[in-house]
Structure formats: C-alpha cells, structure tokens
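Beneath this line is the structure, given in structure tokens, with notes to follow.
Within every chain, numbering begins at 1; the chains are lettered A, B, ... in the order of the sequence lines, protein sequences first and strands thereafter.
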There are 2 protein chains.
Amino acid sequence: MNSLQQPRHSFKQQMHHAREEAIVAAASRLLGEKGFEAMTVDEVAAAVGIAKASLYKHFAGKDDLCAAAMVHVVERVQRFIAAQPAGLPAMERLRALLRWTIEMQLSDDMPILLSRNSGLAGPLKECEAYQASLQQISAQILGWIGEAQQAGQISPALPPDVVLCALLARSADPLLTMLRDRGTYSDAQILDWAMETCLNGLAARAPQAAAPGAA
Amino acid sequence: MNSLQQPRHSFKQQMHHAREEAIVAAASRLLGEKGFEAMTVDEVAAAVGIAKASLYKHFAGKDDLCAAAMVHVVERVQRFIAAQPAGLPAMERLRALLRWTIEMQLSDDMPILLSRNSGLAGPLKECEAYQASLQQISAQILGWIGEAQQAGQISPALPPDVVLCALLARSADPLLTMLRDRGTYSDAQILDWAMETCLNGLAARAPQAAAPGAA
DNA sequence: GTCTATACAGAGATAGAC
DNA sequence: GTCTATCTCTGTATAGAC
C-alpha cells in the first residue's frame with residue numbers, strides 16, 4: 001500500500017506546486033503588463049482559471065502574491081546566469097544579460113525591477129527571499145563588472161554598483177515603450193539601439209590622444 | 001460703476017485661475033510622487049485645502065485633472081526652452097535640458113513623461129492640448145539634435161527621434177530612484193553619472209581613424 | 001463655487017458549504 | 001483546497017443646501 005500511497009502523496013504535492021507555479025506565472029505576467037496598482041487579484045485568478053478564494057489559500061494577500069512573482073523573476077535571472085557558458089569573458093556575460101532583460105521587456109514579460117513609485121517597493125523590502133536572491137545575483141554581476149573594468153571595457157571611473165544599477169534599470173526603461181508605441185521601428189532595432197546607447201554610455205572613454213597601448 | 005465692476009470681474013477671474021493653478025500644481029506633485037493609480041483626488045483636494053466637490057467644478061474627473069497636470073509640466077518645459085540664451089550651441093541646449101529634467105526628478109518633482117504602464121497614457125493620447133504642446137517641444141528638440149549630429153557631437157547613426165526618446169526617457173529613469181534609495185551617493189553625484197552615461201551613450205563613436213588597429 | 005453628505009463601483013479579503 | 005456568495009473598505013463621482 002505504501003507503494004501506492006507514496007506516489008499519490010507526491011502527486012498531490014506536485015499538483016499543489018504546479019498550481020502555485022501557474023498562479024505566480026500569471027501574476028508575473030500581469031504585473032509586468034499593468035503594474036502593481038492596476039493589476040487585480042481577480043484578473044490573476046481568472047487567468048489561472050480558479051476562484052479568487054482558492055488563490056488566497058496559496059498566498060496571504062496581494063502583496064505576498066506579487067512578492068512571490070518578483071522572487072520568481074529573480075530566480076529566472078539566477079538560472080540565466082547559471083546557464084552561461086563557462087569560458088565567456090565578463091563583458092560578454094554582461095552584454096548577454098542586458099540583451100536578455102531587454103528582450104523580456106519587449107516581449108511584455110516581467111521586468112527585473114519595478115517602474116519607479118511602485119507600491120510594491122515597500123512590501124518587497126521586507127521579503128527576505130527576494131532580498132537574498134537579489135543580493136546573490138548582484139554579487140555575481142558586480143564581479144563581472146569589476147573584470148570588465150579591469151579589461152578596459154567599462155569605465156573605471158564609475159563605481160561598480162552604479163554600473164549595476166544602470167544595467168538593471170534598462171529592464172524598466174521607459175525608452176523601450178516609447179519607441180515601441182511610436183510604431184515605426186521593429187523590436188530588433190529597438191533592442192539594438194537600447195543596448196548600444198546603454199553600453200556606450202558605460203564604456204571607457206575613447207583613447208582621445210591616440211593612447212599607445214590602449215584597447 | 002464700470003470702473004469698479006471691471007476690476008471686480010477681473011479679480012474673480014484671477015482667483016479662479018489661481019485656484020486652478022494651485023490644484024494643478026498639487027496634482028502635478030502628487031502625480032510625480034505616487035503615480036497615476038496611487039494618487040487620489042482626495043489627496044489633491046486636501047493638499048489644496050478645498051473640498052473634493054469643489055475640485056470637480058474645475059475638472060471633469062481624475063483623468064482630466066491629471067491631463068491638465070501633464071500639460072502644465074510640458075508648458076514648463078516650453079518656458080525652459082524659451083528661456084535659453086540665444087547664442088547657445090545646440091549640444092549645450094540639449095545638455096542643459098537633460099540636466100534640468102533630471103534635477104526635476106531628483107527633487108521629487110514631476111517627470112516629463114510617465115513611468116511605463118501608467119493608466120494615464122490612454123487618456124493622454126486623446127488630450128489635444130497635451131499632444132500639441134508635446135509636439136511643439138519635440139520639434140524644437142529634434143532641431144537641436146540634428147545640429148548636434150552635424151557638429152559630430154551626437155552619433156549620426158541614431159535616428160533623431162530615437163535620440164529624443166532617449167533623452168526624455170531619462171526624466172523617468174528608474175536608475176535615479178535606484179541610486180537614490182541606495183543612500184550612498186549625493187544627488188549631485190547621481191546627476192553627474194546619469195548625465196554622463198546618457199550623453200556618452202548618444203555620443204558619436206570615438207575617432208577610430210586615430211587608432212589604426214582599433215578594437 | 002464651495003461646502004457636507006452620500007451614492008456607486010471596484011477590488012481586497014473572508015465565510016461557510018462541499 | 002476549491003467553490004459561491006458576501007463583507008468591507010476605499011476612491012470616484014454627484015446631489016443638494018448655501
């Protein structure tokens with residue numbers, strides 16, 4: 001009997017987990033699409049296809065739900081980082097990460113961070129799981145930034161955490177939606193320009209005096 | 001009697017206009033501080049010191065009120081542009097405008113445009129006064145951008161309207177609040193870095209001819 | 001035009017049956 | 001754990017006296 005009960009129990013757990021995943025995924029999408037204030041719990045429940053009351057069995061409230069969604073997003077970043085090829089130079093890693101976050105944004109997916117003035121900022125400050133994950137990826141990225149600075153690819157005049165913020169901020173850059181709403185450019189073009197203007201802005205200044213051994 | 005009635009009438013008009021200005025100013029501040037969704041009409045009325053119902057005598061609704069606030073902001077930009085010294089080179093004008101918008105943002109004032117996903121975007125699309133003013137300053141700034149490109153100060157590879165968006169987007173850049181919340185840097189430093197990374201990103205690429213085997 | 005008081009709608013959250 | 005039905009609060013908007 002145990003041989004039957006065990007899988008049964010595991011199955012229920014899996015269902016439970018899968019449903020929570022579905023809820024978080026829907027919340028994540030709506031959060032990215034409409035923002036924290038405009039998103040409603042009813043919409044999330046409807047998107048998943050469950051009743052709102054059922055959702056509240058999984059999450060204590062809207063804040064909790066959205067915090068879980070943000071954790072979910074950061075964990076995706078963690079996986080992306082972990083999936084990077086081993087030998088890649090730091091600058092290429094940064095470039096790939098930037099491209100990926102902008103692509104997320106252009107495909108209406110969840111941005112890594114919130115647009116400014118989000119009411120979610122407060123609750124998120126007290127979510128330890130989020131803070132821990134964010135801290136983890138920040139440390140990782142800061143390491144790459146240091147390497148890129150030593151390699152002369154990023155201006156050493158900029159503090160590493162400023163570079164970090166500048167990169168992450170591109171994932172919620174109003175520039176992307178502005179250009180998109182204009183309707184005259186393709187997503188690929190927008191992506192290129194966004195990356196180009198961002199990276200050029202962080203790059204070490206050009207060798208103005210034809211610096212001898214530079215670059 | 002006319003000599004008395006005329007001033008009396010004008011006085012009332014002035015009062016009316018002044019009150020509307022006060023309402024718009026308060027709305028503008030709260031809109032910049034909390035965003036469209038989080039801001040409430042009650043707060044605006046309380047800030048001005050009038051009853052909510054009185055406010056509704058001046059503006060048809062929240063959308064109207066916020067649209068008026070946005071028009072107010074764009075008109076400030078118009079005045080700033082008009083106040084620029086005559087002989088200033090185009091690039092200096094762009095730099096001054098960028099600095100000004102970032103300073104607005106750092107002093108918790110109203111950004112020129114909304115953070116992405118604002119519910120105000122829809123109503124604003126149908127506000128002719130806003131669109132007209134925005135169009136006017138856009139044309140002006142686009143002129144400067146063209147000059148700066150011809151002068152080799154901004155990359156000619158970037159379409160002028162992309163440059164325009166990139167500049168305006170800095171007024172709602174999450175980078176600013178991120179660095180600010182970090183608490184380790186002064187507003188002056190943040191301003192410098194924000195301008196530097198933005199302008200470097202738009203600048204024409206370094207004279208590669210000077211470096212024969214460059215990159 | 002300004003006020004007080006109120007209607008109305010939407011959304012977060014909960015009760016209780018199954 | 002999931003559902004339907006409901007509570008409650010907040011926020012937009014309005015009615016009606018002055």
Side-chain angles (χ1 to χ4, degrees), chain A residues 5 8-24 26-31 33-70 117-124 126-127, chain B residues 5 8-24 26-27 29-31 33-69 117-120 122-124 127:
Chain A
Q5 275 177 351
R8 177 77 184 263
H9 183 60
S10 168
F11 177 75
K12 275 178 73 175
Q13 280 183 335
Q14 281 185 8
M15 285 293 94
H16 183 84
H17 190 69
R19 173 147 300 186
E20 279 196 352
E21 284 288 316
I23 296 172
V24 164
S28 186
R29 189 174 53 78
L30 285 165
L31 196 51
E33 190 180 318
K34 318 179 67 166
F36 175 67
E37 340 280 345
M39 179 203 82
T40 71
V41 180
D42 296 73
E43 287 171 332
V44 177
V48 184
I50 63 174
K52 180 164 57 173
S54 305
L55 193 152
Y56 274 94
K57 295 285 181 181
H58 291 271
F59 300 94
K62 189 183 182 183
D63 290 4
D64 255 47
L65 171 59
C66 291
M70 293 302 293
N117 294 341
S118 172
L120 188 54
L124 223 45
E126 303 174 7
C127 174
Chain B
Q5 275 177 351
R8 179 74 184 263
H9 183 59
S10 166
F11 177 75
K12 274 177 75 174
Q13 279 183 335
Q14 280 185 8
M15 285 294 93
H16 183 84
H17 189 70
R19 175 148 297 188
E20 280 196 350
E21 284 288 315
I23 295 171
V24 164
R29 189 174 52 79
L30 285 165
L31 196 52
E33 189 180 318
K34 317 179 69 166
F36 175 66
E37 341 280 347
M39 180 203 82
T40 70
V41 180
D42 296 74
E43 287 172 333
V44 177
V48 184
I50 63 174
K52 181 164 53 174
S54 305
L55 193 153
Y56 274 94
K57 295 285 182 182
H58 291 271
F59 300 94
K62 188 184 182 183
D63 290 4
D64 255 46
L65 171 60
C66 291
N117 293 342
S118 172
L120 187 54
L124 223 44
C127 175

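Regarding A:Gln14, its CD atom lies at a distance of 14 Å from the P atom of D:dG1, rounded to whole Å. Following rounding to the nearest Å, B:Met15 (CE) and C:dT2 (C1') show an atom-to-atom distance of 15 Å. One atom, CD1 of B:Ile50, and another, P of C:dT4, lie 12 Å apart when rounded to the nearest Å. For the pair A:Asp63 CG and C:dG12 C1', the computed distance is 10 Å after rounding to whole Å. D:dT14 atom P lies 15 Å from atom NE2 of B:His58, rounded to whole Å. Nucleotide D:dG1 holds its C1' atom 15 Å from the CD atom of A:Gln13, rounded to whole Å.
Here the side chain of B:Lys62 is nearest to one of D:dT12, C:dG12, D:dT4, namely D:dT12.
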Report, one line per pair, each donor and acceptor closer than 3.5 Å where one atom sits in a side chain of residues 48-60 of chain B; sequence neighbours left out.
residue: B:Lys52; atom: NZ; partner: B:Asp42; partner atom: OD1; Å: 3.3
residue: B:Lys52; atom: NZ; partner: B:Asp42; partner atom: OD2; Å: 3.2
residue: B:His58; atom: ND1; partner: B:Glu20; partner atom: OE2; Å: 3.2

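The side chain to side chain donor-acceptor pair (under 3.5 Å) test applied to A:Glu43 returns A:Lys34, A:Thr40, not counting sequence neighbours. Remark: B:Glu21 pairs with no residue by the salt bridge (Lys or Arg N to Asp or Glu O under 4.0 Å) rule, at least two apart or across chains. Applying the salt bridge (Lys or Arg N to Asp or Glu O under 4.0 Å) criterion to A:Arg29, with sequence neighbours excluded, gives A:Glu33.
B:Cys66 has its side chain within reach of B:Met39: a pair of non-hydrogen atoms, C-beta onward, lies under 4.5 Å apart. Residues A:Asn117 and B:Phe36 are not in side-chain contact: their nearest non-hydrogen atoms beyond the backbone lie 4.5 Å or more apart.
We find the CD-CG distance between A:Glu37 and A:Leu31 to be 9.5 Å, quoted to the nearest 0.5 Å. Atom CG in B:Leu120 sits 9.0 Å away from atom SG in B:Cys127 (nearest 0.5 Å).
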Under-3.5 Å N/O pairs linking protein and nucleotides 14-18 of chain C:
none

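Residues from residues 35-46 of chain B placing a heavy atom under 4.0 Å of any atom in DNA chain D, listed by number, are B:Met39, B:Thr40, B:Val41, B:Asp42.
Distances shorter than 4.0 Å separate some side-chain N or O of B:His16 from OP1 or OP2 on C:dG1.
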Derivation of the side-chain contact (heavy atoms from CB on, under 4.5 Å) call for A:Lys62 and A:Val44: CA-CA 10 Å; A:Lys62 189 183 182 183; A:Val44 177; over 6 Å; no
